[in-house]
*Asks:* 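Before I ask anything, let me first share the structure, which is written out below as C-alpha coordinates.
All values below come from the heavy atoms of this structure, side chains included, with hydrogens, waters and symmetry mates left out. Naming convention: chains lettered A, B, ... in sequence-line order (proteins, then strands); numbering from 1 in each chain.
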There are 2 protein chains.
Amino acid sequence: MNLPPLVQTFVLHFGEMGSRWGINRTVGQIYALLYLSKEPLNAEDIVERLGVSRSNVSMGLKELQAWNLVRLQHKPGDRRDYFATPDDIWQIVRTLVEERKKREIDPTMTLLREVLMQEPASAEERHAQERMREMHDLFELLTGWYADVQRLDTERLIQLLTLGSKVQKILEMKDRLFVVPGSKKSRREDPKEK
Amino acid sequence: MNLPPLVQTFVLHFGEMGSRWGINRTVGQIYALLYLSKEPLNAEDIVERLGVSRSNVSMGLKELQAWNLVRLQHKPGDRRDYFATPDDIWQIVRTLVEERKKREIDPTMTLLREVLMQEPASAEERHAQERMREMHDLFELLTGWYADVQRLDTERLIQLLTLGSKVQKILEMKDRLFVVPGSKKSRREDPKEK
DNA sequence: CTGAAATTTCAGAATTTTCTGAAATATCAG
DNA sequence: CTGATATTTCAGAAAATTCTGAAATTTCAG
(Lines give C-alpha, C1' and ligand atoms only; values in the text may rest on other atoms or scores of the structure.)
Protein backbone atom coordinates (compact mmCIF):
# COMPACT_ATOMS: atom_id res chain seq x y z
CA MET A 1 0.00 0.00 0.00
CA ASN A 2 1.52 3.24 -1.19
CA LEU A 3 -0.20 6.18 0.46
CA PRO A 4 0.54 9.21 2.64
CA PRO A 5 0.22 8.09 6.28
CA LEU A 6 -2.80 10.24 6.97
CA VAL A 7 -4.62 8.87 3.97
CA GLN A 8 -3.59 5.32 4.73
CA THR A 9 -5.06 5.45 8.24
CA PHE A 10 -8.41 6.49 6.86
CA VAL A 11 -8.36 3.99 4.00
CA LEU A 12 -7.53 1.10 6.29
CA HIS A 13 -10.25 2.09 8.72
CA PHE A 14 -12.88 2.19 6.02
CA GLY A 15 -11.70 -1.11 4.70
CA GLU A 16 -12.45 -2.63 8.11
CA MET A 17 -15.69 -0.74 8.49
CA GLY A 18 -16.81 -2.04 5.13
CA SER A 19 -16.86 -5.55 6.54
CA ARG A 20 -19.41 -4.54 9.16
CA TRP A 21 -21.63 -3.15 6.45
CA GLY A 22 -21.67 -6.15 4.17
CA ILE A 23 -19.18 -4.50 1.82
CA ASN A 24 -15.82 -6.10 1.31
CA ARG A 25 -12.56 -4.63 2.40
CA THR A 26 -11.25 -3.71 -1.01
CA VAL A 27 -14.46 -1.98 -2.00
CA GLY A 28 -14.34 0.01 1.22
CA GLN A 29 -10.72 0.97 0.59
CA ILE A 30 -11.36 2.01 -2.98
CA TYR A 31 -14.21 4.20 -1.90
CA ALA A 32 -12.23 5.78 0.91
CA LEU A 33 -9.37 6.48 -1.48
CA LEU A 34 -11.63 8.09 -4.05
CA TYR A 35 -13.37 10.08 -1.38
CA LEU A 36 -10.11 11.63 -0.21
CA SER A 37 -8.66 12.17 -3.64
CA LYS A 38 -8.71 15.61 -5.17
CA GLU A 39 -8.45 14.28 -8.69
CA PRO A 40 -10.39 11.41 -10.22
CA LEU A 41 -8.36 8.18 -10.33
CA ASN A 42 -8.15 5.46 -12.95
CA ALA A 43 -8.03 1.77 -12.17
CA GLU A 44 -4.26 1.58 -12.49
CA ASP A 45 -3.82 4.46 -9.99
CA ILE A 46 -5.91 2.52 -7.51
CA VAL A 47 -3.93 -0.69 -8.08
CA GLU A 48 -0.69 1.13 -7.33
CA ARG A 49 -1.94 2.89 -4.22
CA LEU A 50 -3.79 0.01 -2.62
CA GLY A 51 -1.51 -2.78 -3.80
CA VAL A 52 -4.30 -5.10 -4.92
CA SER A 53 -4.78 -6.83 -8.22
CA ARG A 54 -6.14 -5.15 -11.31
CA SER A 55 -9.07 -7.53 -11.49
CA ASN A 56 -9.99 -6.90 -7.88
CA VAL A 57 -10.12 -3.18 -8.57
CA SER A 58 -12.22 -3.79 -11.63
CA MET A 59 -14.77 -5.76 -9.63
CA GLY A 60 -14.72 -3.25 -6.81
CA LEU A 61 -15.38 -0.37 -9.13
CA LYS A 62 -18.18 -2.29 -10.75
CA GLU A 63 -19.81 -2.79 -7.38
CA LEU A 64 -19.43 0.86 -6.44
CA GLN A 65 -21.03 1.81 -9.72
CA ALA A 66 -23.92 -0.56 -9.04
CA TRP A 67 -24.38 1.33 -5.78
CA ASN A 68 -24.26 4.65 -7.65
CA LEU A 69 -21.51 5.69 -5.31
CA VAL A 70 -18.93 6.72 -7.91
CA ARG A 71 -19.11 8.81 -11.03
CA LEU A 72 -17.31 7.74 -14.18
CA GLN A 73 -15.33 10.49 -15.90
CA HIS A 74 -13.02 10.91 -18.86
CA LYS A 75 -10.03 13.10 -19.51
CA PRO A 76 -9.53 14.53 -23.00
CA GLY A 77 -7.05 12.49 -25.02
CA ASP A 78 -7.06 9.62 -22.55
CA ARG A 79 -9.35 6.71 -23.02
CA ARG A 80 -9.00 5.23 -19.57
CA ASP A 81 -11.96 5.45 -17.18
CA TYR A 82 -11.53 7.83 -14.26
CA PHE A 83 -13.58 7.56 -11.10
CA ALA A 84 -14.58 10.06 -8.46
CA THR A 85 -17.02 10.46 -5.61
CA PRO A 86 -19.44 13.37 -5.60
CA ASP A 87 -17.90 16.56 -4.20
CA ASP A 88 -21.00 17.08 -2.10
CA ILE A 89 -20.94 14.76 0.91
CA TRP A 90 -24.68 15.17 1.37
CA GLN A 91 -25.17 13.70 -2.05
CA ILE A 92 -23.17 10.70 -0.88
CA VAL A 93 -25.35 10.28 2.18
CA ARG A 94 -28.52 10.53 0.12
CA THR A 95 -27.31 7.89 -2.30
CA LEU A 96 -26.24 5.55 0.49
CA VAL A 97 -29.58 5.78 2.24
CA GLU A 98 -31.52 5.44 -0.99
CA GLU A 99 -29.59 2.36 -2.09
CA ARG A 100 -29.80 0.65 1.27
CA LYS A 101 -33.51 1.27 1.35
CA LYS A 102 -33.84 -0.20 -2.12
CA ARG A 103 -31.84 -3.32 -1.24
CA GLU A 104 -32.93 -3.97 2.32
CA ILE A 105 -36.11 -2.20 3.32
CA ASP A 106 -38.09 -2.55 0.11
CA PRO A 107 -37.69 -6.33 -0.25
CA THR A 108 -38.47 -6.77 3.43
CA MET A 109 -41.64 -4.73 3.07
CA THR A 110 -42.68 -6.85 0.10
CA LEU A 111 -42.16 -10.00 2.09
CA LEU A 112 -44.04 -8.64 5.10
CA ARG A 113 -47.00 -7.61 2.95
CA GLU A 114 -47.13 -11.06 1.40
CA VAL A 115 -46.97 -12.88 4.70
CA LEU A 116 -49.57 -10.60 6.25
CA MET A 117 -52.02 -11.54 3.49
CA GLN A 118 -51.93 -15.20 4.48
CA GLU A 119 -54.37 -16.87 6.85
CA PRO A 120 -52.71 -17.89 10.11
CA ALA A 121 -53.15 -21.63 10.72
CA SER A 122 -52.55 -21.58 14.48
CA ALA A 123 -52.36 -19.37 17.53
CA GLU A 124 -48.60 -19.37 17.11
CA GLU A 125 -48.88 -18.09 13.57
CA ARG A 126 -51.45 -15.53 14.61
CA HIS A 127 -49.07 -14.09 17.15
CA ALA A 128 -46.18 -14.17 14.70
CA GLN A 129 -48.29 -12.28 12.19
CA GLU A 130 -49.12 -9.68 14.80
CA ARG A 131 -45.41 -9.15 15.39
CA MET A 132 -44.81 -8.85 11.68
CA ARG A 133 -47.55 -6.27 11.44
CA GLU A 134 -45.81 -4.22 14.12
CA MET A 135 -42.63 -4.35 12.09
CA HIS A 136 -44.47 -3.51 8.90
CA ASP A 137 -46.11 -0.48 10.48
CA LEU A 138 -42.83 0.66 11.96
CA PHE A 139 -41.08 0.46 8.60
CA GLU A 140 -43.97 2.26 6.95
CA LEU A 141 -43.69 5.10 9.43
CA LEU A 142 -39.93 5.34 8.99
CA THR A 143 -39.96 5.18 5.20
CA GLY A 144 -42.79 7.71 5.09
CA TRP A 145 -40.75 10.08 7.19
CA TYR A 146 -37.72 9.42 5.03
CA ALA A 147 -39.67 10.08 1.82
CA ASP A 148 -40.58 13.52 3.14
CA VAL A 149 -37.23 14.48 4.56
CA GLN A 150 -35.38 13.23 1.55
CA ARG A 151 -37.17 15.84 -0.58
CA LEU A 152 -35.84 18.74 1.47
CA ASP A 153 -32.95 20.62 -0.06
CA THR A 154 -29.72 20.23 1.83
CA GLU A 155 -29.90 23.59 3.47
CA ARG A 156 -33.28 22.90 5.02
CA LEU A 157 -32.20 19.41 5.95
CA ILE A 158 -29.26 20.83 7.89
CA GLN A 159 -31.55 23.35 9.47
CA LEU A 160 -33.86 20.56 10.57
CA LEU A 161 -31.04 18.47 11.98
CA THR A 162 -29.52 21.43 13.77
CA LEU A 163 -32.87 22.15 15.33
CA GLY A 164 -32.43 18.94 17.29
CA SER A 165 -33.69 19.32 20.82
CA LYS A 166 -35.79 22.32 19.88
CA VAL A 167 -38.01 19.93 17.97
CA GLN A 168 -39.54 18.81 21.21
CA LYS A 169 -40.45 22.37 22.01
CA ILE A 170 -42.21 22.76 18.70
CA LEU A 171 -44.17 19.58 19.26
CA GLU A 172 -45.18 20.76 22.70
CA MET A 173 -46.25 24.06 21.23
CA LYS A 174 -48.29 22.25 18.62
CA ASP A 175 -49.95 20.23 21.40
CA ARG A 176 -50.78 23.29 23.39
CA LEU A 177 -52.23 25.00 20.37
CA PHE A 178 -54.32 22.14 18.98
CA VAL A 179 -55.25 19.83 21.86
CA VAL A 180 -57.87 20.69 24.48
CA PRO A 181 -55.94 20.76 27.76
CA GLY A 182 -56.99 19.30 31.07
CA SER A 183 -57.05 15.59 30.26
CA LYS A 184 -53.83 13.58 30.18
CA LYS A 185 -55.66 10.82 28.35
CA SER A 186 -57.08 13.13 25.67
CA ARG A 187 -54.41 11.93 23.29
CA ARG A 188 -55.91 8.47 23.04
CA GLU A 189 -58.97 9.83 21.33
CA ASP A 190 -56.91 11.14 18.44
CA PRO A 191 -59.67 13.31 16.92
CA LYS A 192 -59.05 12.69 13.21
CA GLU A 193 -56.97 15.80 12.76
CA LYS A 194 -56.99 17.15 9.22
CA MET B 1 -35.85 -26.45 10.12
CA ASN B 2 -39.07 -27.15 11.95
CA LEU B 3 -41.31 -24.09 11.82
CA PRO B 4 -44.79 -23.03 10.69
CA PRO B 5 -44.49 -21.88 7.03
CA LEU B 6 -45.30 -18.29 7.83
CA VAL B 7 -42.64 -18.13 10.51
CA GLN B 8 -40.12 -19.95 8.38
CA THR B 9 -40.44 -17.44 5.54
CA PHE B 10 -39.65 -14.60 7.91
CA VAL B 11 -36.82 -16.42 9.66
CA LEU B 12 -35.11 -17.34 6.38
CA HIS B 13 -35.43 -13.78 5.12
CA PHE B 14 -33.81 -12.34 8.22
CA GLY B 15 -31.08 -14.91 8.02
CA GLU B 16 -30.21 -13.60 4.57
CA MET B 17 -30.64 -9.98 5.58
CA GLY B 18 -28.27 -10.55 8.47
CA SER B 19 -25.46 -11.19 6.01
CA ARG B 20 -25.89 -7.71 4.53
CA TRP B 21 -25.58 -6.24 7.98
CA GLY B 22 -22.40 -7.94 9.04
CA ILE B 23 -24.36 -10.38 11.19
CA ASN B 24 -24.20 -14.05 10.37
CA ARG B 25 -27.11 -16.09 9.12
CA THR B 26 -27.70 -18.09 12.28
CA VAL B 27 -27.68 -15.01 14.48
CA GLY B 28 -30.20 -13.38 12.17
CA GLN B 29 -32.41 -16.46 12.28
CA ILE B 30 -32.26 -16.76 16.06
CA TYR B 31 -33.26 -13.17 16.43
CA ALA B 32 -36.11 -13.45 13.95
CA LEU B 33 -37.37 -16.55 15.74
CA LEU B 34 -37.28 -14.89 19.15
CA TYR B 35 -38.92 -11.79 17.76
CA LEU B 36 -41.90 -13.78 16.48
CA SER B 37 -42.19 -16.05 19.49
CA LYS B 38 -44.87 -15.40 22.06
CA GLU B 39 -43.00 -17.25 24.79
CA PRO B 40 -39.31 -16.99 25.64
CA LEU B 41 -37.27 -19.85 24.19
CA ASN B 42 -34.39 -21.82 25.62
CA ALA B 43 -31.35 -22.86 23.63
CA GLU B 44 -32.67 -26.36 23.01
CA ASP B 45 -35.94 -24.98 21.60
CA ILE B 46 -33.93 -22.93 19.15
CA VAL B 47 -31.78 -25.90 18.17
CA GLU B 48 -34.90 -27.94 17.34
CA ARG B 49 -36.63 -25.21 15.39
CA LEU B 50 -33.69 -23.98 13.36
CA GLY B 51 -31.90 -27.30 12.98
CA VAL B 52 -28.46 -25.98 13.83
CA SER B 53 -25.97 -27.23 16.39
CA ARG B 54 -26.21 -26.48 20.07
CA SER B 55 -22.85 -24.76 20.09
CA ASN B 56 -23.83 -22.54 17.21
CA VAL B 57 -26.92 -21.43 19.11
CA SER B 58 -24.82 -20.80 22.18
CA MET B 59 -22.49 -18.53 20.24
CA GLY B 60 -25.36 -16.80 18.49
CA LEU B 61 -27.11 -16.04 21.75
CA LYS B 62 -23.90 -14.74 23.21
CA GLU B 63 -23.55 -12.36 20.31
CA LEU B 64 -27.14 -11.17 20.62
CA GLN B 65 -26.58 -10.55 24.30
CA ALA B 66 -23.45 -8.56 23.51
CA TRP B 67 -25.67 -6.43 21.28
CA ASN B 68 -28.21 -6.06 24.08
CA LEU B 69 -30.81 -7.38 21.68
CA VAL B 70 -32.20 -10.19 23.83
CA ARG B 71 -33.26 -10.40 27.44
CA LEU B 72 -32.34 -13.39 29.55
CA GLN B 73 -35.19 -14.82 31.64
CA HIS B 74 -35.82 -17.71 33.97
CA LYS B 75 -38.83 -19.88 34.65
CA PRO B 76 -39.48 -21.01 38.21
CA GLY B 77 -38.21 -24.53 38.83
CA ASP B 78 -36.26 -24.62 35.55
CA ARG B 79 -32.64 -23.70 35.53
CA ARG B 80 -32.30 -23.35 31.79
CA ASP B 81 -31.84 -19.86 30.31
CA TYR B 82 -34.77 -18.49 28.37
CA PHE B 83 -34.42 -15.71 25.85
CA ALA B 84 -36.81 -13.12 24.50
CA THR B 85 -36.79 -9.89 22.57
CA PRO B 86 -38.38 -6.79 24.10
CA ASP B 87 -42.13 -6.63 23.55
CA ASP B 88 -41.82 -3.03 22.50
CA ILE B 89 -40.47 -2.82 18.96
CA TRP B 90 -39.38 0.76 19.52
CA GLN B 91 -37.11 -0.44 22.25
CA ILE B 92 -35.56 -2.78 19.72
CA VAL B 93 -34.98 0.05 17.28
CA ARG B 94 -33.43 2.23 19.95
CA THR B 95 -31.04 -0.52 20.98
CA LEU B 96 -30.07 -1.28 17.40
CA VAL B 97 -29.28 2.33 16.63
CA GLU B 98 -27.45 2.83 19.91
CA GLU B 99 -25.27 -0.24 19.44
CA ARG B 100 -24.44 0.51 15.83
CA LYS B 101 -23.47 4.02 16.80
CA LYS B 102 -21.26 2.66 19.55
CA ARG B 103 -19.53 0.19 17.24
CA GLU B 104 -19.31 2.13 14.00
CA ILE B 105 -19.78 5.84 14.41
CA ASP B 106 -17.93 6.41 17.67
CA PRO B 107 -14.68 4.69 16.65
CA THR B 108 -14.80 6.48 13.31
CA MET B 109 -15.20 9.83 15.04
CA THR B 110 -12.26 9.04 17.28
CA LEU B 111 -10.12 8.24 14.27
CA LEU B 112 -11.23 11.35 12.42
CA ARG B 113 -10.42 13.57 15.38
CA GLU B 114 -6.98 12.04 15.68
CA VAL B 115 -6.18 12.41 12.03
CA LEU B 116 -7.47 15.97 11.96
CA MET B 117 -5.01 16.91 14.70
CA GLN B 118 -2.02 15.98 12.55
CA GLU B 119 -0.08 18.36 10.40
CA PRO B 120 -0.58 17.68 6.68
CA ALA B 121 2.74 17.05 4.96
CA SER B 122 1.63 17.81 1.40
CA ALA B 123 -1.09 19.38 -0.68
CA GLU B 124 -2.56 15.93 -1.14
CA GLU B 125 -2.78 15.41 2.61
CA ARG B 126 -4.21 18.86 3.09
CA HIS B 127 -7.02 18.08 0.69
CA ALA B 128 -7.61 14.68 2.26
CA GLN B 129 -7.85 16.31 5.66
CA GLU B 130 -10.37 18.78 4.33
CA ARG B 131 -12.52 15.88 3.15
CA MET B 132 -12.18 14.18 6.50
CA ARG B 133 -13.28 17.36 8.21
CA GLU B 134 -16.41 17.39 6.06
CA MET B 135 -17.16 13.87 7.16
CA HIS B 136 -16.43 14.69 10.77
CA ASP B 137 -18.78 17.66 10.73
CA LEU B 138 -21.47 15.63 9.02
CA PHE B 139 -21.26 12.88 11.63
CA GLU B 140 -21.29 15.46 14.38
CA LEU B 141 -24.47 16.98 13.03
CA LEU B 142 -26.13 13.59 12.66
CA THR B 143 -25.13 12.29 16.07
CA GLY B 144 -26.16 15.57 17.68
CA TRP B 145 -29.58 15.26 16.10
CA TYR B 146 -29.75 11.64 17.16
CA ALA B 147 -28.83 12.48 20.76
CA ASP B 148 -31.76 14.85 20.93
CA VAL B 149 -34.33 12.70 19.19
CA GLN B 150 -33.31 9.63 21.13
CA ARG B 151 -34.39 11.36 24.34
CA LEU B 152 -37.97 11.82 23.16
CA ASP B 153 -40.48 9.38 24.54
CA THR B 154 -41.89 7.03 21.96
CA GLU B 155 -45.16 8.85 21.63
CA ARG B 156 -43.49 12.12 20.75
CA LEU B 157 -41.07 10.34 18.47
CA ILE B 158 -43.96 8.86 16.51
CA GLN B 159 -45.58 12.25 16.45
CA LEU B 160 -42.41 13.75 15.01
CA LEU B 161 -42.04 11.04 12.39
CA THR B 162 -45.69 11.28 11.41
CA LEU B 163 -45.30 14.99 10.98
CA GLY B 164 -43.12 14.23 8.00
CA SER B 165 -43.77 16.66 5.17
CA LYS B 166 -45.26 19.17 7.54
CA VAL B 167 -41.79 19.68 8.91
CA GLN B 168 -40.89 21.79 5.95
CA LYS B 169 -43.85 24.04 6.65
CA ILE B 170 -42.67 24.55 10.21
CA LEU B 171 -39.19 25.43 9.05
CA GLU B 172 -40.57 27.89 6.55
CA MET B 173 -42.65 29.44 9.29
CA LYS B 174 -39.58 29.70 11.50
CA ASP B 175 -37.72 31.41 8.65
CA ARG B 176 -40.49 33.91 8.11
CA LEU B 177 -40.65 34.67 11.80
CA PHE B 178 -36.97 34.95 12.63
CA VAL B 179 -34.99 35.87 9.52
CA VAL B 180 -34.98 39.32 8.00
CA PRO B 181 -36.35 38.78 4.50
CA GLY B 182 -35.01 40.29 1.30
CA SER B 183 -31.48 38.85 1.15
CA LYS B 184 -30.92 35.32 -0.14
CA LYS B 185 -27.33 35.49 1.10
CA SER B 186 -28.22 36.52 4.64
CA ARG B 187 -27.67 32.96 5.75
CA ARG B 188 -23.89 33.11 5.30
CA GLU B 189 -23.59 35.55 8.15
CA ASP B 190 -25.06 33.07 10.61
CA PRO B 191 -25.53 35.56 13.50
CA LYS B 192 -24.60 33.36 16.48
CA GLU B 193 -28.17 32.55 17.33
CA LYS B 194 -28.74 31.71 20.98
C1' DC C 1 -19.68 -32.71 48.29
C1' DT C 2 -21.56 -35.29 44.09
C1' DG C 3 -23.25 -35.83 39.75
C1' DA C 4 -26.68 -34.59 36.37
C1' DA C 5 -28.04 -30.82 33.59
C1' DA C 6 -26.92 -26.74 31.18
C1' DT C 7 -23.77 -23.97 28.97
C1' DT C 8 -19.41 -22.56 26.95
C1' DT C 9 -15.16 -23.21 24.64
C1' DC C 10 -12.46 -24.43 20.95
C1' DA C 11 -9.92 -27.11 17.30
C1' DG C 12 -10.67 -28.38 13.07
C1' DA C 13 -14.14 -29.23 9.16
C1' DA C 14 -17.24 -27.13 5.99
C1' DT C 15 -18.69 -23.33 3.65
C1' DT C 16 -18.52 -18.84 1.81
C1' DT C 17 -16.24 -14.91 0.34
C1' DT C 18 -12.52 -12.59 -1.57
C1' DC C 19 -8.73 -12.21 -4.50
C1' DT C 20 -5.59 -13.24 -8.30
C1' DG C 21 -3.60 -14.24 -12.85
C1' DA C 22 -4.59 -15.53 -17.25
C1' DA C 23 -7.49 -15.34 -20.94
C1' DA C 24 -11.24 -13.18 -23.29
C1' DT C 25 -13.44 -9.20 -24.76
C1' DA C 26 -14.00 -4.39 -25.84
C1' DT C 27 -12.45 0.03 -27.54
C1' DC C 28 -10.42 3.09 -30.50
C1' DA C 29 -6.49 5.59 -32.98
C1' DG C 30 -4.30 5.24 -37.09
C1' DC D 1 -9.13 -3.48 -40.59
C1' DT D 2 -5.12 -3.84 -37.20
C1' DG D 3 -2.88 -3.78 -33.14
C1' DA D 4 -2.14 -1.43 -28.92
C1' DT D 5 -4.47 -0.27 -24.78
C1' DA D 6 -8.06 -0.82 -21.46
C1' DT D 7 -11.40 -3.50 -19.16
C1' DT D 8 -13.98 -7.57 -17.83
C1' DT D 9 -14.62 -12.30 -16.90
C1' DC D 10 -13.84 -16.32 -14.55
C1' DA D 11 -11.71 -20.65 -12.68
C1' DG D 12 -9.30 -21.80 -9.07
C1' DA D 13 -6.24 -20.34 -5.02
C1' DA D 14 -6.21 -18.02 -0.72
C1' DA D 15 -8.35 -16.23 3.13
C1' DA D 16 -11.99 -15.51 6.22
C1' DT D 17 -16.04 -16.90 8.38
C1' DT D 18 -19.25 -20.06 10.09
C1' DC D 19 -20.45 -24.28 12.03
C1' DT D 20 -19.97 -28.65 14.50
C1' DG D 21 -18.89 -32.26 17.89
C1' DA D 22 -16.33 -33.25 21.72
C1' DA D 23 -14.45 -31.84 25.78
C1' DA D 24 -14.29 -28.57 29.50
C1' DT D 25 -16.58 -25.73 32.63
C1' DT D 26 -20.33 -24.00 35.34
C1' DT D 27 -24.40 -24.46 38.07
C1' DC D 28 -27.22 -26.23 41.33
C1' DA D 29 -30.44 -29.83 43.48
C1' DG D 30 -30.11 -33.33 46.59
*Asks:* Counting only side-chain heavy atoms from C-beta out, which of dC19(D), dT7(C), dT7(D) sits nearest to Asp81(B)?
*Replies:* dT7(C)

*Asks:* Given the structure, check if the side chain of Ser55(A) and the base of dG21(C) hold any donor-acceptor pair shorter than 3.5 Å.
*Replies:* yes

*Asks:* Taking CD1 from Ile46(B) and C1' from dA6(C), how many angstroms apart are they, rounded to a whole number?
*Replies:* 14 Å

*Asks:* Base, sugar-phosphate or nothing for Arg79(A)? Non-hydrogen atoms, less than 4.0 Å.
*Replies:* base

*Asks:* Between Arg25(B) (CZ) and dT16(C) (C1'), how many Å, whole number?
*Replies:* 9 Å

*Asks:* Just how far, in rounded Å, is P of dA6(D) from CZ of Phe83(A)?
*Replies:*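 After rounding, the gap between these two atoms is 13 Å.
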
*Asks:* Using atom CD1 of Ile23(B) as one end and atom C1' of dC19(D) as the other, report the distance to the nearest whole Å.
*Replies:*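 Rounded to the whole Å, the gap is 17 Å.
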
*Asks:* Would Asn2(A) and Glu48(A) count as having a side-chain donor-acceptor pair, cut-off 3.5 Å?
*Replies:* no

*Asks:* Contact class for Asn24(A) (heavy atom, under 4.0 Å): base, sugar-phosphate, or nothing?
*Replies:* sugar-phosphate

*Asks:* Is the charged tip of Arg20(B) near the ring of Trp21(A): under 6.0 Å from the six-membered ring centre and within 45° of its axis?
*Replies:*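 The answer is no; the distance or angle limit is not met.
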
*Asks:* Any base atoms under 4.0 Å from Asn42(A), or only sugar-phosphate, or nothing? Heavy atoms, all strands.
*Replies:*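 Nothing, no nucleic acid heavy atom in range.
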
*Asks:* Would you mind classifying the nucleic acid contact of Arg54(A) as base, sugar-phosphate or nothing, using non-hydrogen atoms under 4.0 angstrom?
*Replies:* base

*Asks:* What is the distance from CZ of Arg80(A) to P of dA4(D), rounded to the nearest Å?
*Replies:*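 It is 18 Å, rounded to the nearest whole Å.
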
*Asks:* Where along residues 58-76 of chain B does a heavy atom fall under 4.0 Å from DNA chain C?
*Replies:*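 Of all residues in residues 58-76 of chain B, the ones placing a heavy atom under 4.0 Å from DNA chain C are Ser58(B), Lys62(B).
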
*Asks:* Provide the Watson-Crick or G-U wobble partner of dT8(D), both distances under 3.5 Å; none if there is no partner.
*Replies:* dA23(C)

*Asks:* Distance alone, cut at 3.5 Å: any donor-acceptor contact between the side chains of Glu63(B) and Tyr31(B)?
*Replies:*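 There is no such pair between these side chains.
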
*Asks:* Check whether Tyr146(B) forms a cation-pi arrangement with Lys101(B) (NZ or CZ under 6.0 Å from the six-membered ring centre, at most 45° off the ring normal).
*Replies:* no

*Asks:* Give me each pair satisfying side chain to side chain donor-acceptor pair (under 3.5 Å) with a member in residues 131-144 of chain B, each pair once, sequence neighbours excluded.
*Replies:* Thr85(A)-Arg131(B), Arg131(B)-Glu134(B)

*Asks:* Taking CG from Asn56(A) and P from dA16(D), how many angstroms apart are they, rounded to a whole number?
*Replies:*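 Whole-Å distance recorded here is 13 Å.
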
*Asks:* Let me know the distance between CD of Glu16(B) and C1' of dT16(C), rounded to the nearest Å.
*Replies:* 12 Å

*Asks:* Nearest nucleotide by nearest heavy atom, which residue falls closer to the 5' end of DNA chain D, Ser19(A) or Asp78(A)?
*Replies:* Asp78(A)

*Asks:* Closest approach of Arg71(B) and Gln73(B), non-hydrogen atoms and distance?
*Replies:*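 Minimum heavy-atom contact is NH1-NE2, 3.3 Å.
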
*Asks:* Hey, could you give me the OG1/CZ distance between Thr95(B) and Arg100(B), rounded to the nearest 0.5 Å?
*Replies:*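 The CZ atom of Arg100(B) is 13.5 Å from OG1 of Thr95(B), to the nearest 0.5 Å.
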
*Asks:* Roughly how many Å is it from CG in Leu41(B) to C1' in dA6(C), rounded to a whole number?
*Replies:* 16 Å

